[in-house]
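The structure appears below as C-alpha cells.
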Amino acid sequence: MPDRQPIPRDATLSLHAGAGRREIGAPASSPPVMATSFFTHPDAVGFSAHDLSEAAPHFYTRWSNPTLTLLEARLAALDGGEAALAFASGMAAISALFLDRLASGDHLVLSNVCYAGVAELAHDTLSKHGITVTPVDTSSPAAVAAAMRPNTKLVHIETPANPILRISDIAALAAIAHASGAELSVDATIATPLGTKPLTLGADYVVHSLTKYIGGHGDALGGAVIGGQERMAALRKGSLIHLGGSLSPFAAWLILRGLETLAPRMALHEANARRVEAFLAAHPKVRSVFWPGSPRHPQYDLAARQMRTFSGLVAFTAKGESGALARQLAERLQVVSYAVSLGKTKSLLFYIPTDDILRSSFHLEGEEARSYRDWAADGVLRFSVGLEDPDDIISDLDQALG
C-alpha cells in the first residue's frame, strides 16, 4: 500500500506552511529576518515591473523578499488559495485590490457596514477616478442582486462586518457576482482563516488586516490579499510595485511569529467571548449583544453554517445613551483597555457612534440608515475580548458598568 502524506490542519499550517525542506543547520524555532532592501543575483530582472516573471529571483524588497515569501505562502495555505500577496497594512491591501480591479466607468458594490477607512476610500477617493460605488446591506442577497449593473466589476463585503458583526452569505453572493460577470472579494479579518475560508465558498479574493488577529500582538501593521496565482502575479506587478505599499521584512517576521500561535489564541478568544457575551446579555444596562457564536445573534444559523469558529469580537449597545456609558467605561475599566483596534492578546473596548459611521461612510439616509440603526441604535461598544482570565474580564466589566 503506498504511503499517504497527511493533509496538514490549520494549526500545523500556521506553523510550517511554506517552510520547505529542512536543511541541516537551519534554524528550527524561527525563520530569519531578511532585513535587506536589495539582493545581488546574476539573473536579476531590470527596473521595469514588466520584466518580472514567476521565476524571477529576489531583486528588490519592494518586489519580493524571502521573509515576505514565507508569510505569503503560509497565508495562502491557511486560506486555501493558490497565492497571497503581503502589504504594509490592511488598507494598503484593499486599496491595491480596488485600484487593480476597478477603472474609470466601473461600478463597485460595497457593504454599507464596513471598516470606516474602506468606506471613506470608496466614497472620497474612488469617485475621483470615475468609479461609482453603491452601498448595500450585503446580508441581503436580494439587495445585492438588485444593485448589480452591467458595469459592476467587483462586490466587496466584510463578514462578520465591523463593527456590528453582521454576516453575509459568501456562497450566495459569489453566485450573484459571477452571474453578472463580476468578482467577489471578502474581508475576513474578524473571522480569520480559521473561522471562514471564503475562497472555498466561491469568493475570488480574501483580504486580511494582518494587524489584527493574525499578527495578534499589536506590534506590527500588515495586510494581505489571497487568491489565484495568475491574479496575484498581476497584482504584484501592478498595484504592489507601482503603489509601493510593501510590507517590511521585520513586520513580516513579527506577523509570522504571531501566526504560529493563531490556533490556540483564537480558541481562547472564542471561549472568553462566549463567557463575555452571556454576561452582557444578562446585564440590565445592555440593550443588545452581537456575537456570531451565540444563538441570540439574529443570523446565528448562517454563522453556524458558514463559520467554523466564531472569533473574539463582541458588539453591544446600551439601554440608555451609549456615549455616556462609553465614557463611564473608559474611566473605570482596569483590566480592559479603552482603545481602538481589535484582535490583540489584551482586551480592548471602544465606542463607535452610529452617526459617525453614517456620515463618514456613505452619508446613508432613509432605509439604509434605518437598517443600520436597527442594529446599532445610537452607537456600538465594540469589545475585542482578549486572552486574560475570563473571570477577571467579567469582574472588570461588572465593576465598570456599575
Side-chain angles (χ1 to χ4, degrees), residues 14 18 61-65 67-79 81 83-102 110-111 114-122 125-126 154 156-162 185-199 203-227 231-259 262 311 313 340-344 384:
S14 64
T61 286
R62 178 160 57 87
W63 299 32
S64 68
N65 177 287
T67 310
L68 273 65
T69 297
L70 176 58
L71 174 61
E72 290 167 348
R74 201 156 288 178
L75 292 170
L78 277 169
D79 257 307
L85 204 53
F87 291 86
S89 67
M91 278 305 303
I94 288 179
S95 298
L97 179 63
F98 282 5
L99 293 175
D100 181 79
R101 305 312 299 165
L102 298 166
L110 181 66
S111 173
C114 60
Y115 178 58
V118 176
E120 289 165 356
L121 169 71
T125 304
L126 294 186
L154 187 67
H156 179 78
I157 66 172
E158 289 182 12
T159 186
N162 184 8
S185 63
V186 179
D187 187 329
T189 295
I190 294 172
T192 82
L194 275 60
T196 305
K197 297 187 187 298
L199 297 176
D204 299 284
Y205 309 99
V206 184
V207 180
H208 293 288
S209 170
L210 305 178
T211 312
K212 310 303 192 298
Y213 284 111
I214 288 176
H217 292 77
D219 53 12
L221 296 177
V225 181
I226 301 97
R231 289 165 173 159
M232 292 302 99
L235 191 62
R236 182 185 300 276
K237 283 186 177 182
S239 292
L240 176 65
I241 293 176
H242 292 147
L243 299 181
S246 55
L247 183 66
S248 79
F250 185 66
W253 182 84
L254 289 172
I255 294 165
L256 279 165
R257 181 206 59 183
L259 196 55
L262 181 62
S311 198
L313 199 65
V340 74
S341 200
L342 59 96
K344 316 305 180 195
S384 178

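None of the values given here were measured: they were computed from a predicted structure. This chain uses plain numbering: 1 for the first residue, then up along the sequence.
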Mind running side-chain contact (heavy atoms from CB on, under 4.5 Å) on Leu194 and Tyr213 for me, showing each step along the way?
-> CA-CA 11 Å; Leu194 275 60; Tyr213 284 111; over 6 Å; no
Carefully, step by step, assess Ser239 and Leu97 under the rule side-chain contact (heavy atoms from CB on, under 4.5 Å).
-> CA-CA 7 Å; Ser239 292; Leu97 179 63; over 6 Å; no
For side-chain contact (heavy atoms from CB on, under 4.5 Å), just list the numbers for Leu71 and Leu259, CA-CA rounded to whole Å, side-chain angles, deciding distance to a tenth of an Å, and then say yes or no.
-> CA-CA 9 Å; Leu71 174 61; Leu259 196 55; 4.3 Å; yes
Determine, stepwise, if the pair Val118 / Leu110 fulfils side-chain contact (heavy atoms from CB on, under 4.5 Å).
-> CA-CA 9 Å; Val118 176; Leu110 181 66; 4.2 Å; yes
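Listed for the Ser89 side chain is no donor-acceptor partner under 3.5 Å among the backbone atoms of Leu221. Side-chain atoms of Asp79 do not come within 3.5 Å of backbone N or O of Gly81 as any donor-acceptor pair. A donor-acceptor pair under 3.5 Å is formed between the side chain of His217 and the backbone N or O of Gly215.
For His156 and Phe98, the ring centers sit closer than 6.0 Å to each other.
One finds a salt bridge joining Asp219 and Arg257 here, because a Lys/Arg side-chain nitrogen approaches an Asp/Glu carboxylate oxygen to under 4.0 Å.
Looking at every heavy atom in both residues, Leu121 comes nearest to Ser95 through CD2-OG, 3.6 Å. Heavy-atom minimum distance, Ser384 versus Ser341: CB-O, 4.5 Å. Looking at every heavy atom in both residues, Gly245 comes nearest to Ala92 through O-CB, 4.3 Å. Closest approach of Glu158 and Tyr115 over heavy atoms only: OE2-N, 2.6 Å.
When each of Ile94, Asn162, Thr159 is checked for a side-chain contact (heavy atoms from CB on, under 4.5 Å) with Asp187, only Ile94 meets the rule. Across Leu199, Leu85, Val207, a single residue satisfies side-chain contact (heavy atoms from CB on, under 4.5 Å) together with Ile226, and that is Leu199.
For the atom pair Lys212 NZ and Leu342 CG, the distance stands at 5.5 Å (nearest 0.5 Å).
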